[in-house]
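Handing you this structure, nothing more for now.
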Amino acid sequence: MLEIIVFLPLIAALAIGLGAPARFSALGASIITLILSLVVAVQFNPNVEGSYQFESSRTFMDMVGFPTLSLAFGIDGISLVLLLLATLVMVAAVLVSPQENEIKGSSKLYYLSLLLIGGGAIGAFTSTDLFFLYAFHELALIPTFLMIGIFGHGENRVRTAWTITIYLGVGSLILLVGLIMAVFALGSATFAIADLIATAKNPETGIAASQQTWIFAFLLVGFGILVSLFPFHSWAAPAYAEAPAPVAMLHAGVLKKFGLYGLIRIAMPIVPEGMAALLNVLLVLLLGNIIYIGLVTIAQKKLDRMLGYSSVMHMGYVFLGLAAFNQLGVSGAVLLMFAHGVSIALLFALCGWIRKNYGTVSFEELGGIASQLPKLGLLFAFAAFASAGLPGFANFAAEVSVFFGAFQDTGESLGWLQWTTIIALWGVVISAVYMLRAFRNLFLGTPEKKMATPADMTMTARLPYFLLLATLIAVGFVPEILNQFIRPAVEGLFLVTAG
Amino acid sequence: METALTLNHFLFVSGVLFAIGLAGVLVRRNLIIIFMCLELMLAAANLTLVAFSRFNLKEGQPDYEGHVLLFFIITVAAAEVAVGLAIIVALFRSKGTTDVTKVDSMKY
Amino acid sequence: MPVYFLEIIVVSLGIIMLLVDAFVKLEDKRSIAWIGMLGLVVTFGLLFRVQWPESTESPFWNFYTTGDQMALYFKGIAILTTLVVLIMASDYSRIVVDQTAPPEKGAHPQSGLGEFFALPMFACAGLMLMASANHLVSIFVALETVTIAFYVMVAYLRRNVGSLEAGVKYLILGALSTGFLVYGFAWLYGMTGSMQLEEIKTALSGDNVNVIGSLFAFSLILVALAFKVGGAPFHFWIPDVYQGAPTPITAFLSVGSKAAGFIVLLRLIDPFLSSSELVGKIILAVTVIAVLTLIVGNLSALPQQNFKRLLAYSSVAHAGFLLMALACTPTASQAGEFLSPAKVIAFYLGAYLLMTLLAFLVMTTVRVQIPGEDLTSYKGLAKRSPFLAFAMIISMASLAGIPLTAGFFGKFFVFQLAVQQQQWFLLTVGLVGAGAGFYYYLKIAASMFLSEQDPKDDISAIPVGTLSRIAMIVLIALILIGGLNPALIIGLLS
Amino acid sequence: MTFLFYIFAALALVGGIGVVVNRNPVSAAFAMIVSFLGLAALFIQLDAYLVGVLQILVYAGAIMVLFIFIIMLLDVRVEENRRFPFFGALCTGGVAAAFAALLLVVLNRSEVGAATLPALAATEGPGSSDVHRIGELLFSQYWFPIQVVGILLLVATIGVVVLSKKELK
Amino acid sequence: MDVNTTAWTVLLLPLIVAALIIFGLKRSPGLSALVSTGSVLITFILCMILAGGEGGEAKAFPWIDMGDLFRVEIGFQLDELSRGMMLIVTSIGLLVHIFSLAYMKDDKGKARYFAGLSLFMFSMTGIVLANNFVMMFIFWELVGVSSYILIGHWFHKESAADAAKKAFLTNKIGDFGFMIGILLVWVLTGSIYFEEIKEAVGGVTNLALLNIAVLCVFCGAIGKSAQLPLHVWLPDAMEGPTPVSALIHAATMVAAGVFMLARVVFLIEATEMAAQVISYIGAATAVVAALMALQQNDIKRILAYSTLSQLGYMIMAQGIGHGGSDAGMFHLYTHAFFKALLFLGSGAVIYACHHEQDIWKMGGLRRKMPITFATFALGTAALIAVPFTSGFWSKEMILEAAYHEGAMFPYVCGIIVAFLTPFYMTRLVIVAFFGKNRTKDADHAKEVGPLMWAPLAILAVMAVFSAYKPVSGPLLATGYGSLSHLVEHFGLTAILSLTGLAVGVAAAIFLYKGRDKDPIHIPLFANRFYIDEFYNALVRIFQDAVAAILDIVDRFVIDPFVVRFPALAAMGAGSFLRIFQLGNVQSYAFFYGIAVIALILLLIL
């Protein structure tokens, strides 16, 4: 089942390369993967703690002197949630693709790359083998480069494409070294994540504390670059601003979560002491994400850049959940990954729509769109509220969990983590400030004189937006939809952490 | 005063000759002379080889395997000279010079 | 079939090709290349059917390794490289004819082409011999056979100043390194009293090793071999020679010559590494060269605009990674089963062969159509010839070390060795290098995909020869297979 | 014995220096021949008669003649650079001197060369000369490298032929 | 219907209606309005049932369920407090809905408006019924959202859009503190449920932190109830349609802060310092807002500042301790009616005057709109605490409580406000309703229709009588007006407040009778103590300027240092290394030689 989900987009990409109709294949493949992943979610048994389901494993390489490599898939609650995120956003990204102007003529390359990015993310989230976890993620590197370079917006798109590619490339190299260090410090016989964790938990084979610190440092920087952890964030905003909307959706919404997923899945169980040792560093960095980037976001004059920075900023909260290092915080972080993924995808899609129809997303050149296009205005309002973390949307439920996680079991006095959280809470105000400013400047007030007057969204065009929005609201009202999966998985994570 | 000949004597002479050859390669401008200096280096290396084989007795005789290697070196050197000179001649034909400083159209 | 028949077959093929060239009237001399290709394919098949001798009493086995899978592997690399080089050469023949056709009337317009196809066969035989050589003499003669063949091939376009200049540079520096090699051999012989590698190993791992003398010998040999594989600061010839040489020969140099250099380096360094008194210094020396090579290769490639020079620096960079692996040789005391550096190097070279040859194949195809080898020549290639662009991008991804390509595992194994040996500085430099690699390899992708071609120029698809196309597809497939399951390749080693 | 060594060594070294410093290519070539003669004498002093003879025949005789021939053919004149390349010479001299100095250090510290010339065991009868022994080695044990050298020579021949073809005027 | 169904219906019906309107009924605004109004009617009836019922348990819905660690429920605390509050909310909501049917008759965004009202009802219900802090916070935020939507109803007006944003962000700042407070309370007591906190609060040892926690919780109330220093949004919020002002900015939403404090009064009682701060801030707000109200000209703004001032009373009451909380809630209850009445009355006036809001451009409306005038006058009477009106009783109760508890500062402030309120309200009534018609708009004004005056009339009745036990009995056990009580406790407080009333009214009549423009001019008050300007500057300096600087830092320091600099360094190093590639083979040989020597040196030394 999972194998089909993982390989369907890749096969579709191959088919497109060999001449299959591009949009049709992409749409078909992404919708089928979404349906299949929903089926998986329905069949998934949330009551099993800390083990994978839907497992399949093919030993791929068994070589003397090298850990066994298996093409192994399987999901627990955490990966299931991210799988759903990936398939959902991928469908939406394919659906909103026609609103991009630039793809005419090279739709083959476009959809092929899109499927590779999406398929890579799905593969990374469902692999239970460390090697393939890493490898699938890298699948997106060159497609992203091409997508931004060819189909991007703006003068600097080539430069931006360079920046993101080199930056992420270097990040994944650092990550690779960290992973190698971890695997070989454990002396594991396989790359299976479960085995690695089991080895790490065994006090006889676990990694020495001093070594853990180093390994975690590498992992943090490596994963951190992929997640745009401050101060390694500067690739993100311009890249998302200049990428075609679907790419920004997939990258900011899905692919970026890989780094966090990796920290949860690998770094936390394998080098917990390293994480504890570097916790204060992490706290400072995540404050950088939340407060510093938050303020930078306020200063933006264009919607696309603002969204880019805002997606960087919100990563800070996920890191906060990780830094809490307990069940509540981590499950909040996972939920936040999902919620942020969907909401930022929605926002980028809307941004793409505005850019296409008005030719600009500058706050100064636009205004009062809601008077012209009330439906669009309503959609954007929902998306903006979701992103600003208002109740009723998934983001809020997740942020609440994160905040409470950070305060869990503190006794009656406050530590660094708690003070950090209190400062980080100000970020909620900051994000409300920039989101409402954007909404105010773009949608409210009277329309600028020079603005075009496009027709409002049609029903079909709204479909992907509704899809994303409905998800946000459903999860926001009943977070248990996803929490039921996340909870046992995270519990399992901490069971092994403790044992 | 007659000191006994030691291996050092030969090794040193060969090494110095090697260094002289190297100096020639570095300082001369004419490709042909440079090439000659390279041959000089090979020959100098040969002296080391022979000296070692002479001092490394096998059954009371010099180790002739060293001599055999030297034989091959000389052969190869000859072939190298032939090809090398052919290339230098071809270069001279198309460029009209054998000055090594003029052969620098590809750089950086 | 005894293993040395392979070399005999290849040499005979070369001679047959020369004879056909001389005595058979051919309309199109490219059919000579086909003889070679066919023969090489057969030889490659035979590689899997060779037998090792029952007894190794004959003096022959002093010069030729027995039961050595590694040697077979490198012979395979040599044969494959030559095969692809011949395919490229037959595409490239138009340019060769242009630069070498005889002036007099009545001569065959393609005269000179036969030798161009035959010489790689002899070089191939030399490379195969190097793979098996285990005696200073056989190493020397095999190495020189290859080197001299390369002198000729590099300078082959005798009307092209660039080619001749490259030939001269290669000649001078090659001879210089031969000089050092010989001097080093002499010293090695003097220190150990032997020329057979097994015996040298025994001598060096004994008790009374002359440390200084051995190290002196080693440094002279290392210098010469670092020159062959392109280790800094002995790499200076590489960019110039690669640029000037005919493209197929550049490919040959970059793959075949480097692979052979490494197998010799592996064989020659092995006795030194087995000596507990020398090993520390040896590793140090290799580390230093590896660091320099990584830095020089990767960083110098960054500003390159000429694609061939870029690949030249890339070849230096990869030499850096390979030397890095060598510098991470585990000491004898380290227990546990590791992938040995030798295997890693072998795998890396295999991967390197696939991706570099693919790049050169595309480059040759494009070069035949478009004059010039600058990156700008590749503008808009993605629109013009999507297949070529795709092949090139696979090759570049692999060279850059993106997962699911063979090149990734190469780097992976190397980094793994560095982690195991805790060579942190080397590792850092390697990381920087690999990071830079992303940039310069993607530069070509950027050129193909991101910049539009001048509409005034010819924008029709570039014709790709059938053989080239097949070769490209096979190489792409192998790169991806190697990226999924390197064990398939490493399995060939045991 | 030692005395002779010094003479021959001086011959070889002076010849070598002559190659490096002679501006006239022909003179340089002749200086090289002198050097090779000195070397050959040193070989003979080391009881390597065949090698010494080969050195004279092949190197001094054949190879150097080839060089001189090419020099004459190409009509290479005295190097045109009139100014003495002071800096280059300094660097070059430095490198060469450093190399020689290092060699001294190696010789000094390795103590490999302290051995005095050992006497050879007396041999008698046919087959005891070095020509014999080398020949025997070459064509029994070393038949394989010999074959390879054959290929090498073939390649060299082809190369020379190809490279020296008639050129457009 | 059992309690469970009733409670859930009360909570969810408005949400369903809101969703229905947004996603389905947008094209038929008339129907939307009716559905929305009908839903409020139903919830009102259900609340009556709830209030009169025997009580019982309503099942909770687990919203976030992490087992023992953390469990957030959407659950109900159906005690007297919440049931009474629900009645206030739904009854006023109902009246406002009815009023809006007429007031918003021709508005283009009618459907959206009623969706917003329904959403607001949903949010407010949630706050009132919540049995835990997180649930309350959720609806707390939602109230902010619906207020944003309603204030910004006429979003094409720049001022409305700005006001909505300002209201929301100011609230958000309060919520920042609120969330910290909730977290701290959770840390200290281990629970987010009010009942459990109540039990656990006695065991808290870290009292300093508890004080901080309570103050942080209070921050939420500051924001929502527009206390100093976060009061700035409320006057601006008058940009919304007037019924909205009546509903949420007078009667319900702003009261949420008071309600919340009443809900957690056990926490306040457990702390001394925090309680004091709360009452001081409330008192200060009461005075400052009253001072600001003196010099306003916009009818709705005057009412807005008076709301601020009254809210100050209520907050003050929450902080002064025993009995104060009840008094505060009592005032909340009476205030809800008369302030809604005043706002709706002003709405009627504005409607009649073609959306003219400046009182100096009205005048003489007494004759044109007699019903409106009558009801408005009754509302004013209640507000300025004319004896025996509802406002009189509740205000007395607060002042008495303050006096009783010996909270001098709040008490003095309360008395001062008792002087000021009659003054500015009388000024308003005289200028707007007496004298002659100053503009054409006022001249053409005529009485509004029954759909509008009917709610006014009902509210007017409530404004007068709501304080008496037969009416308030079912709602508030402790708060009611009775003559005997007054007689019993007649003392300094009553004298002072009656004096205040008399002096204030007299002064206003003396000053404003027959005037066409304001005879006194106090820029400090008119400009609201320049607090808005101060905040604007603060935002500009500390937020926008810092943001701009950081943006520059990000672009020209972080980006260059982390990205461009290494890239340039690598490129530079590459270009530098290329220099050695001289093209001259001898130079290569030279490097070769040097390298050989270096290598040998490395190895043998």
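Please read all numbers here as calculations on a predicted model, not as lab measurements. A note on names: the letters A, B, ... follow the listed sequences, proteins ahead of strands, and every chain is numbered from 1. Below, all heavy atoms of this structure are taken into account, side chains as well, without hydrogens, waters or symmetry copies.
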| message | Using 0.5 Å steps for rounding, measure from the CD1 atom of E/Ile558 to the CD1 atom of A/Ile293. | response | 7.5 Å
| message | Check whether A/Glu480 reaches the backbone of E/Asp65 with its side chain - one donor and one acceptor, N or O, closer than 3.5 Å. | response | yes
| task | May I ask you to name which of A/Ile166, A/Val400, A/Thr297, A/Leu390 has the most heavy-atom pairs under 4.5 Å with chain E? | result | A/Leu390
| query | Out of curiosity, A/Arg440 CZ to E/Glu158 CD, how far, rounded to the nearest 0.5 Å? | reply | 4.5 Å
| remark: Comparing A/Phe232, A/Phe439, A/Phe443 against chain E, the one with the most heavy-atom pairs below 4.5 Å turns out to be A/Phe439
| Segment of E/Phe61 engaging chain A (4.5 angstrom heavy-atom cut-off) | side chain
| remark: Most contact-rich option vs chain E, by heavy-atom pairs under 4.5 angstrom, among A/Trp426, A/Phe477, A/Tyr167, is A/Trp426
| said: Once rounded to the nearest 0.5 Å, what's the spacing between atom CD1 of A/Ile430 and atom CZ of E/Phe176? | reply: 9.5 Å
| Option that, when pairs with chain E are counted at under 4.5 Å, heavy atom only, ranks first among A/Phe396, A/Phe403, A/Tyr292 | A/Tyr292
| query | How are the rings of E/Phe23 and A/Phe382 set to each other: parallel, tilted or perpendicular (split at 30° and 60°)? | reply | parallel
| request: Please examine the side chains of E/Leu550 and A/Ile298, heavy atoms only from C-beta on, and report whether any two atoms are closer than 4.5 Å. | output: no
| query | Can we call the ring centroids of E/Trp186 and A/Phe404 under 6.0 Å apart? | reply | yes
| said: Do A/Val428 and E/Met179 make a side-chain contact, defined as non-hydrogen atoms from C-beta onward lying under 4.5 Å apart? | reply: no
| request: Look up atom CD1 in E/Ile64 and atom CZ in A/Arg487, then write down how far apart they are to the nearest 0.5 Å. | output: 10.5 Å
| How about A/His233 and E/Asp554: do any of their side-chain heavy atoms sit closer than 4.5 Å? | yes
| Largest heavy-atom contact set with chain A, pairs under 4.5 Å, which of E/Glu141, E/Arg112, E/Lys157 | E/Glu141
| If you tally heavy-atom pairs under 4.5 Å against chain E, which of A/Val478, A/Ile422, A/Asn483 wins? | A/Ile422
| Do A/Arg437 and E/Asp544 meet the salt-bridge criterion of a basic N to acidic O distance under 4.0 Å? | yes
| Can E/Asp551 and A/Tyr309 be counted as having a side-chain donor-acceptor contact under 3.5 angstrom? | no
